[in-house]
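One structure is given below, encoded as structure tokens.
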Amino acid sequence: MKERQDTIRLILRHTAQIITPPLKYKVKSEIERILQDLVRFEFIKGAKVVWEEPTVYKELGELDAVIKKKEPHKIKKFTIIRGDMDGKIISYQFEDRSGMKATLEVAINDRLYQKIIKNIVVNFAIIGLFSTVLLCVVIYFYYYYIVASILRLVEHIRKIRTEETLKPVVLEKGPKEIIELVQVFNELIENINKYRNHLEKILEQWKSEAVKAKSASQAKTKFLANVSHEIRTPMTAAMGMLEMLKEESSLADKEKLRHLEVALKSLGALIEETLDFAKLEEGKEEIKEETFNITELGKEIHELFEIEAQKKNLVFEVFISLDIPKELRGDISKIRQIIINLISNAIKFTDKGKITLRIFPEKVGEKFIWLHFEVKDTGCGIPPSELEKIFNPYERLEDLYNKPYPGTGLGLAISKRLAELLGGKLWAESEGLGRGAIFHLLIPLKRAESDSPIQKTPPKKLKGKVLLAEDNPVNQLYFKRVLEKLGLNVEVASDGLEALNVINEKHFDLIILDIRMPGLSGLEIVKRIRKKGISIPIIALTAHSVSEIEKEALASGFDDFLQKPISREELAQKLAKWLS
């Protein structure tokens, strides 16, 4: 059919070349003869030509109008038909240089081809019907001999799922393969019954081991709490005495003390990392929301690391997007811990160039905003294959670098877990060694309900009489001196019994109690004070993690917490809340 259609188009093209002159000069007899020649083909039923006069007739008509001989001539259309035009129409359009346009059409006789197509359709229908019947017969026998046996096996499996002792399958007839499958299944059931009894004995042993593991975990938690307390108490004394020495020393000695302060802070950071990771492993970290100003956080971070960056001749920049709301709500302490960790690593692994902290909104909603923190450095870089490894606990890539770097290998592991605890994520990017690295922190935060400014500047002077109950002599000296410099009248008690006696005899505007003291603990003292109706503010001084004792302390009657070690500014800020 395609070949025939191509042949017809070739005939039409040839006919158009022959018929063009007669059409141009309107030689009707010659046009009819040419169309009649087309109809003589057995597969052409009729032929038709439609054409317009050449544009020269229009031009002559316009000339007649100019000489006012007659109206302008309009181009006419002519049609000549030969044969029957009923059937499939194939047309061919053409024109000549004089502007004459014409269309040549032929009607095709498709009865033979339609009959062939009809026969093909009927044959396919018969074959399809026969195939369907054959397929149904095959499916029936397949179902009866194979599927039915498998379904009986499945039904038996459903029944034995709730049975304590599995029973074998009984199958009397079926294909050889299915019978062999059932035999293997029965052997499997026999082995399952055998090992189930063995597993029950193992589970009993595991339960016993689980009880022992729980006891060990509780002992570990208690040990970490004690270690935390015993470490923070001397660290508080050391940092306190260092502050006092710096005030009384000459410039030369202050430089030496500054090195000592850096060493103590590094030691404190290592200890805190270890304890923080232990708490995360135990799942004891909690989220505490508070309102904070993102601009103040940026300034605080910049001031904290500016000097350290200058010592290594590095440029440290902080950029904060103006699209971030002034105040947000979230666990700022954990966010600050992650950012400090990332920038500390950036400075540690960068010898030249710059470090940039960018803070910008990733997604902004009506009540929430996703904040993106980006820390970029020009340091030694990380191989792309090692980017996930750096977040594993205790993992260090020392073999890749020319010199060793200090640290525990816990910082990034803690940061990643804190980010996940806050509902965010932390990841790194690097093109390889020597190409720097970019760390990304994405955290969801709430919009603050009000735009009231956050007061963080610690007061220089306070008024009031304070009782300090602390059993460590060095801490007594440090806290007493700081409190007195703030303008407070301070009285010191060295143990719980002494503190309770002083409280019964004298009036105080505020009481600071160490939770763990010889004689009576701070928790017991507060309970006795509150029973007597004394409602003055009482602040817990503790070396424990506040979250571990917060519920118990609040239930006992404490109003607030001071966690060791604590700086003079933090102490003044906390006391101002209750003595302002």
Side-chain angles (χ1 to χ4, degrees), residues 1-140:
M1 291 177 71
K2 184 178 183 304
E3 289 177 357
R4 186 192 65 176
Q5 190 169 348
D6 293 340
T7 301
I8 292 171
R9 291 193 180 280
L10 184 63
I11 293 172
L12 291 177
R13 189 181 303 113
H14 177 68
T15 304
Q17 295 174 355
I18 298 173
I19 205 172
T20 297
L23 291 176
K24 184 176 180 180
Y25 298 107
K26 302 178 185 177
V27 184
K28 184 177 180 182
S29 60
E30 182 64 16
I31 296 170
E32 290 176 345
R33 184 189 67 78
I34 294 172
L35 294 180
Q36 191 64 42
D37 288 342
L38 286 175
V39 175
R40 288 174 183 172
F41 287 97
E42 61 178 356
F43 49 80
I44 296 178
K45 296 171 60 179
K48 172 183 175 183
V49 65
V50 179
W51 80 97
E52 295 180 357
E53 290 178 333
T55 53
V56 66
Y57 288 94
K58 182 179 179 182
E59 294 170 356
L60 291 173
E62 292 174 350
L63 181 63
D64 289 340
V66 171
I67 62 177
K68 298 182 180 179
K69 185 176 181 180
K70 59 180 181 179
E71 292 295 323
H73 182 81
K74 295 182 180 180
I75 294 178
K76 298 178 181 179
K77 282 189 175 182
F78 302 94
T79 303
I80 296 178
I81 301 174
R82 280 291 177 269
D84 185 8
M85 293 302 292
D86 181 24
K88 182 179 179 180
I89 304 297
I90 296 177
S91 62
Y92 180 77
Q93 295 181 349
F94 59 96
E95 61 179 304
D96 70 348
R97 296 179 180 178
S98 65
M100 182 198 72
K101 298 179 181 179
T103 302
L104 185 62
E105 297 178 351
V106 292
I108 306 302
N109 184 4
D110 278 347
R111 284 179 296 175
L112 176 62
Y113 297 97
Q114 290 175 358
K115 183 177 179 181
I116 292 173
I117 293 172
K118 181 178 179 180
N119 291 337
I120 291 173
V121 171
V122 171
N123 290 337
F124 268 105
I126 293 172
I127 294 171
L129 180 62
F130 176 76
S131 300
T132 302
V133 173
L134 181 62
L135 181 62
C136 290
V137 172
V138 171
I139 291 174
Y140 172 77

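- For the salt bridge (Lys or Arg N to Asp or Glu O under 4.0 Å) condition, the pairs that include at least one residue of residues 33-42, sequence neighbours left out, are Glu30-Arg33, Arg33-Asp37, Asp37-Arg40.
- Considering all non-hydrogen atoms of both residues, Ile18 and Pro21 come closest at O-CD, 3.4 Å.
- Looking at every heavy atom in both residues, Ala16 comes nearest to Leu104 through N-CD2, 4.3 Å.
- Put simply, CD on Glu105 and CG on Leu38 are 12.5 Å apart, with the number rounded to the nearest 0.5 Å.
- Asn123 pairs by the side-chain contact (heavy atoms from CB on, under 4.5 Å) definition with nothing, not counting sequence neighbours.
- How far NZ of Lys45 is from CD1 of Ile89: 8.5 Å, rounded to the nearest 0.5 Å.
- Partners of Ile116 according to the side-chain contact (heavy atoms from CB on, under 4.5 Å) rule, which considers only residues two or more places apart in sequence or in another chain, are Leu112, Ile120.
- For Thr7, the side-chain contact (heavy atoms from CB on, under 4.5 Å) test picks out Ile11, with sequence neighbours left out.
- For Glu32, the side chain to side chain donor-acceptor pair (under 3.5 Å) partners are Arg82, not counting sequence neighbours.
- By the 4.5 Å heavy-atom criterion applied to side chains, Val39 and Asp84 are not counted as neighbours.
- Atom OG1 of Thr132 is separated from atom CD1 of Ile127 by 11.5 Å, given to the nearest 0.5 angstrom.
- Between Leu23 and Ala102, the shortest heavy-atom contact is CD1-CB, 4.0 Å.
- Judged purely by atom type and a 3.5 angstrom limit, Lys24 has no side-chain atom pairing as donor or acceptor with the backbone of Met100.
- Pairs of residues two or more places apart, or lying in two chains, that qualify as ring-ring contact (aromatic ring centres under 6.0 Å, His included) and include a residue from residues 78-99 are Trp51-Phe78.
- Residues that satisfy the side chain to side chain donor-acceptor pair (under 3.5 Å) test with Lys2, not counting sequence neighbours, are Asp6.
- Partners of Ile90 by side-chain contact (heavy atoms from CB on, under 4.5 Å), not counting sequence neighbours, listed by chain and number: Gln5, Ile8, Arg9, Leu12, Val106, Ile108.
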